[in-house]
Amino acid sequence: EEARTTHIETLHSFAHLVIELLMLSIGVLAAVSGFARTRGWATLATRVTELRSLHDPVALCLIGLMLTHHRHDSAPLAVRFHQVQGLGLVALGGVTLVCSLVHARLPRDDGATTPLRLLCATLWLLNGLWLFHMAYFLYLLPGRVGLHHLLWPSSDVDESVVVYLAIDG
């Protein structure tokens with residue numbers, strides 16, 4: 001009974017818990033950093049920011065790697081959507097790490113930092129759009145049916161994913 005309440009009865013369910021805890025850790029550290037900054041607690045804000053410069057990229061990459069192999073929906077299109085989401089998060093983690101390293105060496109207003117910040121923001125946006133796209137196109141209706149199933153039920157999986165990715169881009 002305890003396993004059911006903690007969501008660890010299977011490795012698959014435990015994977016969900018790990019993904020959610022990693023996402024929560026990113027959010028909590030961001031909140032603590034922002035709160036410390038607004039309260040004028042410079043030392044704490046600096047320490048948490050330093051921690052996040054490594055934690056966030058690693059957490060994003062781990063979530064991404066888990067999603068590339070996660071199979072809560074075995075439909076081929078759903079699997080591919082999760083793989084793309086996972087790769088997008090790995091890319092975001094890599095760019096976030098590069099941004100952290102560059103910002104540690106260069107002032108914020110240096111010309112080299114702007115394109116990196118824009119790339120990082122774009123990857124956050126694309127990952128968010130992809131999640132919305134996945135929700136509406138795969139899971140909008142009961143029974144794991146979405147707009148994709150209604151509009152193009154017999155379409156090629158890879159072509160569908162590429163078209164949807166191009167729309168989001």
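Computed from a prediction, not measured in an experiment: that's the story for all the values here.
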Measure the spacing between [atom1] of [X] and [atom2] of [Y] and express it to the nearest 0.5 Å.
X    : Y    : atom1 : atom2 : result
T122 : N127 : OG1   : CG    : 11.0 Å
Q83  : H69  : CD    : NE2   : 8.0 Å
H103 : T96  : NE2   : OG1   : 10.5 Å
C99  : D56  : SG    : CG    : 12.0 Å
L67  : L62  : CG    : CG    : 11.0 Å
D110 : R105 : CG    : CZ    : 13.5 Å

Quiz item: If you draw a 6.0 Å radius around CZ in R144, do more than 12 non-hydrogen atoms from other residues or ligands fall strictly inside?
Solution: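 Atom CZ in R144 is crowded, with more than 12 foreign heavy atoms closer than 6.0 Å.
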
Connected via hydrophobic side-chain network under 4.5 Å: [X] and [Y]:
X    : Y    : result
L125 : W130 : no
L65  : I63  : no
V79  : L138 : no
I167 : L140 : yes
L92  : L165 : no

Practice problem: Report the residue from I19, V18, L24, I26 that forms a side chain to side chain contact (heavy atoms under 4.5 Å, CB included) with L22. | Solution: V18

Any residue meeting side chain to side chain contact (heavy atoms under 4.5 Å, CB included) with [X], in chain and number order, not counting sequence neighbours:
X    : value
L119 : V95, L123
W41  : F35, A36, R39, L44
C61  : V90

For residues [X] and [Y], report the shortest heavy-atom separation together with the two atoms involved.
X    : Y    : result
P107 : T113 : O-CG2, 3.7 Å
H82  : Y139 : CE1-OH, 3.8 Å
L106 : A112 : CD1-CB, 3.9 Å
R37  : A45  : N-CB, 3.9 Å
F81  : Y164 : CZ-CD1, 3.4 Å
L29  : H55  : CD1-ND1, 3.5 Å

Exercise. For the residue pair F137 and W152, categorise the inter-ring angle as parallel (less than 30°), tilted (30 to 60°) or perpendicular (more than 60°).
Key: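 Plane angle under 30°, so parallel.
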
Quiz item: Within the distance-only criterion (no hydrogens, no angle test), does the side chain of H149 pair as donor or acceptor with the backbone N or O of G146 below 3.5 angstrom?
Solution: yes

Quiz item: With distance as the sole test, does S33 use its side chain to make a donor-acceptor pair with the main-chain N or O of A30 at under 3.5 Å?
Solution: no

Quiz item: Is there a donor in the side chain of R80 and an acceptor in the side chain of S160, or the other way round, less than 3.5 Å apart?
Solution: no

Quiz item: With distance as the sole criterion, is a donor-acceptor pair present between the side chains of H148 and S155 under 3.5 Å?
Solution: yes

